[in-house]
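Reviewing the structure listed below.
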Amino acid sequence: QGVLSGRVYAVDAASNGTLWFATLHGLSKWIPDNATSMEGSWQHWTRAHGLRYERIYDVIVDRNDHVWFCDQGSGLGYFENSQPKYYTTSDGLISNAVWEIKEDTSGKLWISTRNGISLFDGNKWYNIGSSDGLTNTRLWSIIPTNEFVYIATYGDGIAILKRKKISSNPMKLIFTQPLFRDNITQVDWNAYAYWGEVPNERIETRYCLDYEQWSKWNTVRTASFFDL
């Protein structure tokens, strides 16, 4: 048994020679018997193995041999204990319609989507859309270099992003005094960007209580909790 489908959209290699294939019918992994061997074994992932959609358009292996993939609808896929998992807009991704994934020289992931660009450093998300200067947010291929990011758009040629203008300064959150009424606790806050780099009304935040599920990213600045 070989690769899952004869239609292969992307291929990438891990540091140990393992090959990953993005195909029409899922993800295929070829593991060589040794570093110089042309013989090896196959492993596959389909819906039956946890994929949300089997037509995988892109797959990359980063410098730490972590595997990332996309199917243009389910978000940014990755593996956790050999099980497919996904980052979505609920986690901070700008759009679940991911087209391509690239790693830059610093190890950050650049993700082109149908609604702009997401930059992911493993912990934090940075999103770039129409309000940041992209004249067309329907994107195809993306190439990050040390100074520029080149982005193929759907109908508007090549967009060029100058990297030195991308800020990694943290946002600042300021909480007001909680309000208590009967069994309801209301918490309000404001979010501010470094020197106003991002308009306050565009900054998205989220919250969770203890170990409960995180809320979705949004621009709402208030939350109510019951029976604390």
Side chains of [X] and [Y]: do they bring a donor and an acceptor to under 3.5 Å?
X	Y	result
T18	N16	yes
N146	T105	yes
T89	W217	no

In terms of heavy-atom contacts, does [atom1] of [X] have more than 12 from other residues, nucleotides or ligands at under 6.0 Å?
X	atom1	value
R63	CZ	yes
Q213	CD	no
R7	CZ	no
Y150	OH	yes

Nearest 0.5 Å, what's the [atom1]-[atom2] distance between [X] and [Y]?
X	Y	atom1	atom2	value
N96	D71	CG	CG	9.5 Å
N136	I151	CG	CD1	10.5 Å
S5	Y9	OG	OH	7.0 Å
Y207	S215	OH	OG	5.0 Å
F148	I158	CZ	CD1	14.5 Å
L4	H25	CG	NE2	8.5 Å

Closest non-hydrogen atom pair, [X] against [Y]:
X	Y	answer
E54	R47	OE2-N, 3.0 Å
A13	V61	O-CB, 3.8 Å
A159	L134	CB-CD2, 4.1 Å
S224	I184	CB-CG2, 4.2 Å
I142	I117	CD1-CG2, 4.1 Å
W30	F21	CB-CE1, 4.2 Å

Is [Y] reachable from [X] through a run of hydrophobic residues whose side-chain heavy atoms are each under 4.5 Å from the next?
X	Y	result
W20	L51	yes
W110	L139	yes
V98	W68	yes
Y126	I128	yes
V67	W45	yes

Look only at the side chain of [X] and the backbone of [Y], and say whether a donor-acceptor pair between them is shorter than 3.5 Å.
X	Y	result
R221	T219	yes
D58	I101	yes
H44	G2	yes
E100	S112	no
T176	D188	yes
N81	Q83	no
T46	G26	no
D104	S106	yes
D156	T153	no

Using the six-membered ring wherever Trp is involved, compare the ring planes of Y86 and F69 and label them parallel, tilted or perpendicular (cut-offs 30° and 60°). perpendicular

For T185, the side chain to side chain contact (heavy atoms under 4.5 Å, CB included) test, sequence neighbours excluded, returns P178, F180, V187, L228

Side chain to side chain contact (heavy atoms under 4.5 Å, CB included) against S118, all qualifying residues, sequence neighbours excluded: L93, I94, I111, W125, N127

Salt bridge check: are R206 and E204 linked by an N-O gap of less than 4.0 Å? no

May I ask you to decide whether E103 forms a salt bridge with K108, counting only side-chain N to carboxylate O separations under 4.0 Å? no

K29 vs W42, test: side chain to side chain contact (heavy atoms under 4.5 Å, CB included). Steps then yes/no. CA-CA 6 Å; K29 175 184 179 182; W42 289 92; over 6 Å; no

Is it true that Y154 and W140 have ring centroids separated by less than 6.0 Å? yes

Please evaluate residues I160 and V149 with respect to the criterion side chain to side chain contact (heavy atoms under 4.5 Å, CB included), reporting the C-alpha separation (whole Å), side-chain torsions for both, the decisive distance (0.1 Å), and the verdict. CA-CA 6 Å; I160 302 175; V149 180; over 6 Å; no

[Y] side chain reached by [X] side chain, heavy atoms, under 4.5 Å:
X	Y	answer
V3	T23	yes
H49	S82	no
Q43	I31	yes

Chi angles and distances behind the side chain to side chain contact (heavy atoms under 4.5 Å, CB included) call for H66, Y78: CA-CA 8 Å; H66 297 149; Y78 65 99; over 6 Å; no

When you look at L27 and F79, which way does the side chain to side chain contact (heavy atoms under 4.5 Å, CB included) test go after all the steps? CA-CA 12 Å; L27 275 168; F79 283 93; 3.8 Å; yes

